[in-house]
Amino acid sequence: MSTTASDTGPMALAILSRTGASLLGGYAFLWGASSVGIAALVAAGMAFDAARTLCMMVALLAYLGIFLWVWAARNMLRVWLVLLGGGGLMSAAALLVQQQLTTGA
């Protein structure tokens, strides 16, 4: 049995979606997680450099977990919603914390 172009189209789209989610979506999610982690640790009294180093080390390990989760997940819509929605919400939370820190409130 030979495969035709119409057979490989949906498979190619699924692979492209998983690749994009694992690379770009994982990056967006961990950008937000790192931002909110750094802001929260600085607000708790930790030095900025130490907070940044700690969050980046944790993010490196979390990126591997997210990458593997994306390729194992059955529902790609849920994956994209979690990664982009969660990343956006955490980035917004980090922005609020950073504004509170800079205004001294």
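Note that this is a predicted model, so its numbers are computed, not measured.
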For Ala62 and Leu30, the nearest pair of non-hydrogen atoms, with its separation, is CB-CD2, 3.8 Å
Apart from Leu81 itself, its cluster of hydrophobic side chains linked below 4.5 Å comprises Leu77
Heavy atoms of Val79 and Trp69 approach each other most closely as CA-CH2, 3.7 Å
Value for CG (Leu60) from SG (Cys55), rounded to nearest 0.5 Å, stands at 13.0 Å
*Joint cluster assignment, Val58 & Leu41, ILVMFWY side-chain distance < 4.5 Å*: yes
Residue pairs passing the salt bridge (Lys or Arg N to Asp or Glu O under 4.0 Å) test with at least one member in residues 31-58, sequence neighbours excluded, are Asp49-Arg52
* Between Leu84 and Leu95, is there a shared hydrophobic cluster once you connect ILVMFWY residues whose side-chain heavy atoms come closer than 4.5 Å? -> no
Test your reading of the model: is there a side-chain donor-acceptor pair from Arg18 to the backbone of Ala73, 3.5 Å cut-off? yes
Value for OG1 (Thr53) from CD1 (Ile38), rounded to nearest 0.5 Å, stands at 8.5 Å
When you measure from the side chain of Ser22 to the backbone N and O of Thr19, does any donor-acceptor pair fall under 3.5 Å? yes
Closest non-hydrogen atoms of Trp31 and Ser91, given as atom of the first, atom of the second and distance, are CD1-OG, 3.8 Å
> For the hydrophobic clusters of this structure (ILVMFWY residues joined by side-chain heavy atoms under 4.5 Å, transitively), does one cluster hold both Phe67 and Met76?
Replying inline: yes
One should read off an interatomic distance between Leu23 CG and Ile66 CD1, to the nearest 0.5 angstrom, of 12.0 Å
Scanning both residues in full, the closest heavy-atom pair of Leu101 with Ala39 reads CD1-O, 3.8 Å
Rounded to the nearest 0.5 angstrom, the OG-CE distance for Ser34 and Met56 is 4.0 Å
Which of Gln100, Gln98, Gln99 passes side-chain contact (heavy atoms from CB on, under 4.5 Å) with Leu96? Answer is Gln99
Under 3.5 Å donor-acceptor, Tyr27 side chain and Tyr63 backbone:
no
Rounded to the nearest 0.5 angstrom, the CH2-CG distance for Trp80 and Leu24 is 6.0 Å
Note: Ala21 and Leu83 closest approach over all heavy atoms is O-CD1, 3.4 Å
Members sharing Leu61's hydrophobic cluster, built from side-chain contacts under 4.5 Å between Ile, Leu, Val, Met, Phe, Trp and Tyr, are none
